[in-house]
Protein chains: 2
Amino acid sequence: MARSSLTRDEVLDAAASLVKQRGPAALTMRGLAAELGTAVTSIYWHVGNRESLLDALVERTVQEMGAIRPVGRSPAERILSVARILRRELRERPHLIAMVHERGLTERMFLPAQQALVHEVHAAGLRGARAADAVRAVQFQIVGFLLVERNRERSPAQSPAESELWDPAAAPHDPGLARALARPADPERLFLLSVRALVTALLATAPTAPG
Amino acid sequence: MARSSLTRDEVLDAAASLVKQRGPAALTMRGLAAELGTAVTSIYWHVGNRESLLDALVERTVQEMGAIRPVGRSPAERILSVARILRRELRERPHLIAMVHERGLTERMFLPAQQALVHEVHAAGLRGARAADAVRAVQFQIVGFLLVERNRERSPAQSPAESELWDPAAAPHDPGLARALARPADPERLFLLSVRALVTALLATAPTAPG
DNA sequence: ACCTGAACACCGTTCAAGT
DNA sequence: ACCTGAACACCGTTCAAGT
């Protein structure tokens, strides 16, 4: 009955499409075989086993995260643009990014972005260990924020809701604050606000560092 | 053969101990039953099913994250101490925290910390929406950083290693920077440095906010 | 070189039956 | 009220056998 031409790339494509749509848990070897119209065991011939199939998908994703082209008039603005670009790219493939993360390849995936950050931090006048700290702080900030943000999206039904946590009675001395915390956070705004604040503080130490 | 006195709490204790030591994937209903010396099906009588068993463990963890007692002489210092305390508590139960996170209860778990942050930000002179932004920015920063940090620990063998990524040839104009990035990051230091920078910038906008 | 079905050792869960 | 073993429908993986 053997269908003649199953290739490794076909297997990877079908697997990637499954993972993109419904997450890695939805990728079963039997389901994938059904999708491809082959016997389960054929897949093993092409990709080894489930684990190395996932590894291959992750490898692909790391390659796809191409070079970053920062835009803006100042180093701070260009760093902000890097943050924005990364946010968009990460949000386009949430499942795959999570898998990259699980395999500890986040760092390698962010190398192009890291190099862009190095360039900008350098242009802002930071050097040596201080520049390295700034680059890493921004990188951790961006990646960390996106991890938290994604978690929030994945579970929209919080219990108790934020609005219960922060009813006016909870902070009687500042109802405006309570109201603001009761409203859902605007992640994009908070993201840019946070990165801007961090970058401002980090670059402020720049111009020929004090002893 | 029925062993007489299996209780729900015994089941939860045994499950928690398994998860703490070897992660949720190591918690199988059959393994847990063996640990407890009962039939698998007894567990179902006490906790429903695997999913609600995990839910119960998560609920416990959320409760355990007790009140936060900030220390320090200024709001900024006390916020830093909150960051330090959270870091320690989260690092003591990594698997359970990850499960809290997966279930989207991070926010609820951080309520005590959030209230402490509200207090400090308020003491620093921020009010209303601006105060809310500051609280959330710091909260996202702390949680995000710890997620990234934990990921790094889980996968110590990066490929390629940072030292390969940043050999002197990669940044010939600033060998000190290349050397710093080639060295492994010191997470505790980077964590405090980042939070301090962010807090500095956020609180700088405080004293009776400009139009 | 590539595909196949049968079989193995695992899962979580249900259920009728015990006491 | 609480415990039990048998059975079901899933997994990933191996292997001997086909072409």
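Here is how names work: the chains are called A, B, and so on, in the same order as the sequence lines, proteins then strands, and each is numbered from 1.
Across dT13(D), dT14(C), dT4(C), the shortest atom-to-atom separation from the side chain of T41(B) is found for dT14(C). For R30(B), taking side-chain heavy atoms from C-beta onward, the closest of the listed nucleotides dC3(C), dT4(D), dA7(D) is dA7(D).
M29(A) places its CE atom 17 Å from the C1' atom of dA7(C), with the value rounded to the nearest Å. dG5(D) atom C1' lies 15 Å from atom OH of Y44(B), rounded to whole Å. Here the P atom of nucleotide dC2(C) and the CZ atom of R8(A) are 13 Å apart, to the nearest Å. In this structure, W45(B) atom CH2 and dC2(D) atom P are separated by 4 Å, rounded to whole Å.
Using a 4.5 Å heavy-atom threshold, the side chains of L126(B) and H122(B) count as separate. M109(A) has its side chain out of reach of L105(A): every pair of non-hydrogen atoms, C-beta onward, lies at least 4.5 Å apart.
In the model, S17(A) has a side-chain atom that pairs as donor or acceptor with a side-chain atom of Q21(A) under 3.5 Å. Side-chain N/O atoms of N49(B) and S52(B) include a donor and acceptor closer than 3.5 Å.
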Would R103(B) and E51(B) satisfy salt bridge (Lys or Arg N to Asp or Glu O under 4.0 Å), going step by step from the backbone distance to the final call?
CA-CA 11 Å; R103(B) 280 162 181 70; E51(B) 199 51 32; 3.2 Å; yes
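If you check every strand for non-hydrogen atoms under 4.0 Å, S42(B) touches a base. At a threshold of 4.0 angstrom between heavy atoms, the contacts of I43(A) with the nucleic acid are absent. L32(B) comes within contact range of no nucleotide atom at all, as no heavy-atom separation falls under 4.0 Å.
In this structure, the side chain of R152(A) does not engage the main chain of V148(A) through any donor-acceptor pair within 3.5 Å.
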Validation: residues 194-202 of chain A side-chain donor-acceptor distances under 3.5 Å, sequence neighbours left out:
{"unit_1": "S194(A)", "atom_1": "OG", "unit_2": "L190(A)", "atom_2": "O", "d": "2.8"}
{"unit_1": "T200(A)", "atom_1": "OG1", "unit_2": "R196(A)", "atom_2": "O", "d": "2.6"}

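Remark: R60(B) engages D13(B) in a salt bridge, criterion side-chain N to carboxylate O under 4.0 Å.
If you check residues 48-55 of chain B against DNA chain C, the residues with a heavy atom closer than 4.0 Å are N49(B), R50(B), listed by number.
H46(A) has a side-chain polar atom (N or O) that falls below the 4.0 Å cut-off from OP1 or OP2 of dC3(C).
Among the duplex regions that DNA chain C forms, those built from at least three successive Watson-Crick or G-U pairs under 3.5 Å are C:4-8 with D:12-16, C:12-16 with D:4-8, ordered by first number.
No option in Q139(A), R108(A), R136(A) other than Q139(A) meets the side chain to side chain donor-acceptor pair (under 3.5 Å) test with Q114(A).
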